[in-house]
Amino acid sequence: MTADRTAGRAGRLSDLWRGRVQEAADWLRERGFTGGTGLILGSGLGNFVDAVDGAHAIDYAGIPGWATTTVAEHRGRLVAGEAGGRRVVVMQGRLHPYEGLPWDELLLPTAVLACLDVDAVVVTNAAGGLNRYYRPGDLMVIRDHLDLHLQDPLRGLLADPAPPAAAPGRGARPHAVYDEDLARALLAAGAATGVPLHAGVYGSMWGPAYETKAEIGMLRRAGCDAVGMSTAPETSLLAALGVRVVGLSCITNPAREVGQPELSHQDVVEAGAMVRDRMARLLLDFLPRLG
Ligand code: HPA
C-alpha cells in the first residue's frame, strides 16, 4: 500500500526531475528514512527533533542531489525516529526561494519527502503577525495561503499540468491545499494541551528583506493574517502530489505599518526559541491523532 502510494506520487512528477527525486528517495529508504509522518521545521523551530526517540540523522549535504541551505540557523539535517508514538521523518531546516535556486532544486527535498511513504506532512514556519489580535509567541494553523511569489513554482514539474476537470454543471471548485481534517485535529490538540491556536491565512513573500510598511498594508487588506518567506511552494507541491498537508505558523513578531523597530533575522530566531517548546508539546499531542 505504501509502496503504491509512493509510486503514485512519483508518477505525478514530470520527467525533468522524477529520476533525481526517486534516486534520493531510494537512497534514503535504504537507510531507514521512510514511513510515518513528515515534518518540515522552520526558522528557530528545529528543536522538535529533541523529542524524537531513537533518532538517526543525516546531513542534507550527504543526500544525493539535495542542495544545502545557506541560512545558518537551519541545521540542514534529515532525522528519522519516533515521536508521539508514530514514526516521523523530519526535515530540520529548509531551503528558501530567496536563496536563488531553480524551483526543481528548491523543491526537491519536499518531493523526496513525499516519496518516503509518509501519510501526511506537517509544515511549520516562523512568521510575522499581520492580524492585530496576534502576539509574538502565538501559533496559527494555516487555513489557506496567498502565494505572492507570483510565479507558479510547479511550472514544468508535474507530469500532467492541466487544470482539474470541473464537476458537471458546477464549474471549477476552489483548490484546497490544506487538509481540513488535519487542521481540525491540530486545533483539537491545541484545546487538549492548553496551547491557544489561531487559524488564519499565510502570505508567502519572496524576502529576504522583511516587508515594507506599504507591503504590510497590502497584505493585511488582502486578507493575510501572517507573513513569511516559505511554505506555500512546498505545500502546493505536496497537495499536487496527493499528500495530506497541515501548516503551522509561529508568530515571532508583529508586522506593523507604524512604530516598529527594524527586524533582524536574529530577533526571529530568538522569538522562535520562546515558542518552540509549546509547538513541540502541541505536535506530540497531534501526531497520535493521525490514527
Ligand atoms: N516577515 C516575513 N517573514 C518573517 C517575519 C516577517 O515579519 N517574521 C518571521 N519571518
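Counting starts at 1 for both ligands and their atoms, in listed order. Values below: every heavy atom of this structure, side chains too, minus hydrogens, waters and symmetry copies.
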Test side chain to side chain donor-acceptor pair (under 3.5 Å) applied to His145 and Tyr178, step by step:
CA-CA 9 Å; His145 69 224; Tyr178 299 90; 2.8 Å; yes
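Every atom of ligand 1 with a heavy atom of Ala126 under 4.0 Å away is listed here by number and element: 9 (C), 10 (N). Shown in contact with Met229 at under 4.0 Å from a heavy atom are these atoms of ligand 1, numbered in order with element: 2 (C), 3 (N). Per-residue contacts place Thr252 under 4.0 angstrom from the following atoms of ligand 1 (heavy atoms of the residue considered): 8 (N), 9 (C). Shown in contact with Glu211 at under 4.0 Å from a heavy atom are these atoms of ligand 1, numbered in order with element: 1 (N), 2 (C), 6 (C), 7 (O).
No option in Arg5, Arg244, Arg86 other than Arg86 meets the salt bridge (Lys or Arg N to Asp or Glu O under 4.0 Å) test with Asp119. When each of Val227, Ile251, Val201, Asp225 is paired with Leu130, the side chain to side chain contact (heavy atoms under 4.5 Å, CB included) condition holds for Val227 and for no other.
By the criterion of a heavy-atom distance under 4.0 Å, the side chain of Asn253, and not its backbone, is placed next to ligand 1.
Backbone and side-chain nitrogen or oxygen atoms of Ala255 are examined, and none is located within less than 3.5 angstrom of a nitrogen or oxygen of ligand 1. For ligand 1, the polar-atom distance check against Tyr210 finds no nitrogen or oxygen pair separated by under 3.5 Å.
Classification of Asp26 and Arg29 as a salt-bridged pair holds, one side-chain N sitting under 4.0 Å from a carboxylate O.
A donor atom on one side chain and an acceptor atom on the other are found under 3.5 Å apart for Asp138 and His198.
For an aromatic pair to be called close, the ring centres must be under 6.0 Å apart, and Tyr60 with Trp66 satisfies this.
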